[in-house]
J.: 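Have a look at the structure that comes next, please.
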2 protein chains.
Amino acid sequence: MATIKDVAKLAGVGLGTASRVINDSGYVSEETKKKVLEAINKLGYVPNETARAFVTQDNKTVALFLPSIHHAFFSELAYYIEDELDKKGYKMILCNSSGQKEKELKYINMLKQNKVSGIIGISYNPIENEINHSMPIVLVDRHIGEIPYVSSDNYGGGKMALQVLKETGCNHVAYMGTYSKTIFTEVEKRLKGFEDAAKENGINYTLYIEEDPIKDQTTFLHTFLNNYKNIDGVFVENDMMALELVQLAQDRKISIPEELSIIGYDGIQTYAMLRPKLSTIRQPVELMGRSLVDLLIKKLNGEQVTPEIHPVQFLKGETTR
Amino acid sequence: MATIKDVAKLAGVGLGTASRVINDSGYVSEETKKKVLEAINKLGYVPNETARAFVTQDNKTVALFLPSIHHAFFSELAYYIEDELDKKGYKMILCNSSGQKEKELKYINMLKQNKVSGIIGISYNPIENEINHSMPIVLVDRHIGEIPYVSSDNYGGGKMALQVLKETGCNHVAYMGTYSKTIFTEVEKRLKGFEDAAKENGINYTLYIEEDPIKDQTTFLHTFLNNYKNIDGVFVENDMMALELVQLAQDRKISIPEELSIIGYDGIQTYAMLRPKLSTIRQPVELMGRSLVDLLIKKLNGEQVTPEIHPVQFLKGETTR
DNA sequence: GTGAAAGCGCTAACAA
DNA sequence: TTGTTAGCGCTTTCAC
């Protein structure tokens, strides 16, 4: 393995000069540059990134916190984040952190010690006291102090869902999902948007929510179907839950969308082939993934960054009229 | 940030001694050890892993090659791999490599230069000439020379599927899936097992296969339904495809499983809530993920390792009689 | 058992 | 514009 020393020697220049051309920094004459480049080529020299990371205190690696990669929406998002990071020359370490605050803390500590360059976090753990806005951290769907975040237009999505239900003739609508006592997340705005729109439109609505995490989603759904027989339109917090609701309702011979309209949130591709095709509010996953990376890199460069909220879109499927 | 120097000074010992107790290597008297440990504690010293990686040429990081994390089976597998790696003190870099050989090569080069400790690969790229069995690499479902691999019992699974179809009264069965001209993968054994079992049982079978990757899965499935109306039982290469087949068949009012039995392969959890519940051959994902890590670490320790084939299980759903 | 010292490959400051 | 040098924090000889 050739080192920078070998390159310098072969090119007949000093160590510093070699380093300068390799990093394209500082003044180097065209002529010298050429000599060095030749040497690099001849030797097949590749910089030792570990050594570099050691001296620059930056290893070009970002940690992605995810409750669990084993969840369709997160894995789609992770896909685009990795793709964009790779394009920008960063590696991505995955950290499945669901309910494991310590695991996240480990990486936050690594960040403090410059052992990861930055963090992109989809985190439902209580980490607000461990991080602050001067660190290169970007969050998804969550507000912690001044830390920049990216989210879809949850509020608008909530309104949109109600609008659709109303326009397709639903009279008794409900919001189904979760809430959290401990952390604030953008997701709650789906409810808020739904609620506000219902009020504006003078429509009666029901909130069917349980504290996150729901222990038994199936039971949660069955209970709903048992107790809210008059409801003819539901906006469900996410596609996975919406999809299970569709299944359970069909088991009960409730015809969808005639008797019950269902709208999800996320627009997960993985489920796109299923019948009935779910009507849903689609988050622009790819866009979100790439802006997360953009924001983080700006942060890394010391630029000022502000939260980004991306527009959503209603995807008509077969679960609404 | 306290360094090992600070620790040594505070403990009143030499640098080397401090290092020895930190790494629990070499001879250190109990007494000295205690002093050093105290100093570490008082200073809140944490070893600088980057520096360590630099000198030891090992950064305790393994790269996971995945065609795409955005695929249910892979993301489940990735989940367990990450979990196990974390337990063993390794970080996991994710590399979505579908069709991007260069991306894999990048990490293979990093491996050669000791910038990643090892590689776990689910790769469909032609990388056989770039790697060899002396490298710390473990593959999933693929044989490349002597490189160790982990897979489920694809052959047994294929036999099992046929057995089930036969026992539930199917007379005209088919295998549906893909093949590759360029790479050999364990997946083909699903077909082989199915075929062998059909022959043993004296059952007529049809192979409905197309070269991987299938451009348009939906068309592929429609064509099947158009042309093979006499078939009453299909074993499909993976759950995703099986699931879409179920949907399309139902659209055509083909009753499942009465007119057509369908068995998938994988046992993906993400789809577990869907109706009709898919009958499938379940791979022990968790076990596979964890053994991949085990094998890799053994390899890293210079131990001899051999391929591991894990048993599969038939999961009866509602798409078989 | 222990301390001193070399050196991993690189960047950056400094002097020339 | 260039070469020299210090030093990043750690592990690992090698004497003692």
Side-chain angles (χ1 to χ4, degrees), chain A residues 1-40 43-61 89 109-117 300, chain B residues 1-40 43-61 89 109-117 300:
Chain A
M1 208 86 296
T3 73
I4 196 171
K5 237 175 181 165
D6 303 321
V7 172
K9 202 190 305 174
L10 181 60
V13 303
L15 249 185
T17 309
S19 173
R20 258 168 252 135
V21 354
I22 289 163
N23 294 288
D24 206 15
S25 67
Y27 303 100
V28 187
S29 73
E30 275 309 311
E31 204 185 352
T32 328
K33 188 181 271 181
K34 225 182 69 185
K35 282 193 296 182
V36 175
L37 258 15
E38 262 168 25
I40 288 178
L43 262 39
Y45 167 78
V46 183
N48 180 326
E49 290 180 45
T50 313
R52 240 185 202 168
F54 175 48
V55 23
T56 59
Q57 299 274 310
D58 177 10
N59 66 356
K60 295 283 180 186
T61 300
N109 272 321
M110 286 176 63
L111 180 63
K112 288 179 182 163
Q113 305 169 224
N114 294 313
K115 281 160 216 162
V116 292
S117 314
L300 248 15
Chain B
M1 208 85 292
T3 74
I4 196 172
K5 235 174 182 165
D6 303 321
V7 172
K9 202 190 304 174
L10 183 60
V13 304
L15 250 185
T17 309
S19 173
R20 258 168 251 134
V21 354
I22 288 162
N23 293 289
D24 207 15
S25 67
Y27 301 100
V28 186
S29 72
E30 274 311 311
E31 203 184 351
T32 327
K33 188 181 273 183
K34 225 183 67 187
K35 281 193 296 181
V36 174
L37 258 16
E38 262 168 25
I40 289 178
L43 291 162
Y45 167 77
V46 183
N48 179 328
E49 290 180 44
T50 313
R52 238 183 203 170
F54 175 49
V55 24
T56 59
Q57 299 276 306
D58 176 10
N59 66 356
K60 294 282 179 186
T61 299
N109 272 321
M110 286 176 62
L111 181 64
K112 288 179 182 162
Q113 305 169 222
N114 294 314
K115 282 159 215 162
V116 293
S117 315
L300 249 14

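Naming convention: chains lettered A, B, ... in sequence-line order (proteins, then strands); numbering from 1 in each chain.
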J.: Considering every strand and a 4.0 Å limit on heavy-atom distances, what is the contact class for B:Thr32: base, sugar-phosphate, or nothing?
T.: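 Result for B:Thr32 = sugar-phosphate.
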J.: Heavy atoms, side chains only, cut-off 4.5 Å: are B:Arg52 and B:Asn23 in contact?
T.: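 Yes, close enough: below the 4.5 Å cut-off.
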J.: Can you tell me which residue among A:Ile22, A:Val36, A:Asp6 is in a side chain to side chain contact (heavy atoms under 4.5 Å, CB included) with A:Tyr45?
T.: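 When A:Ile22, A:Val36, A:Asp6 are each tested with A:Tyr45, the side chain to side chain contact (heavy atoms under 4.5 Å, CB included) holds only for A:Ile22.
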J.: Quick one: A:Lys9 NZ to D:dG3 C1', roughly how many Å, whole number?
T.: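 So the NZ-C1' distance, A:Lys9 to D:dG3, works out to 16 Å.
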J.: B:Lys34 NZ to C:dG1 P: how many Å, rounded?
T.: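 Atom-to-atom, B:Lys34 to C:dG1, this comes out as 17 Å.
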J.: What does the B/S/- profile of nucleotides 8-16 of chain C look like, 5' to 3', with a 4.0 Å heavy-atom cutoff to protein?
T.: BBBBBB---
J.: Looking at every heavy atom in both A:Val13 and A:Ala18, which two are closest together, and how far apart are they?
T.: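 So the two residues come closest at CG2-N, 4.2 Å.
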J.: Rounded at 0.5 Å granularity, tell me how far NZ in A:Lys112 sits from CG in A:Asn109.
T.: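 A:Lys112 NZ to A:Asn109 CG: 5.5 Å, rounded to 0.5 Å.
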J.: Is it the case that atom NZ in A:Lys5 sees more than 12 heavy atoms from other parts of the structure closer than 6.0 Å?
T.: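 Open.
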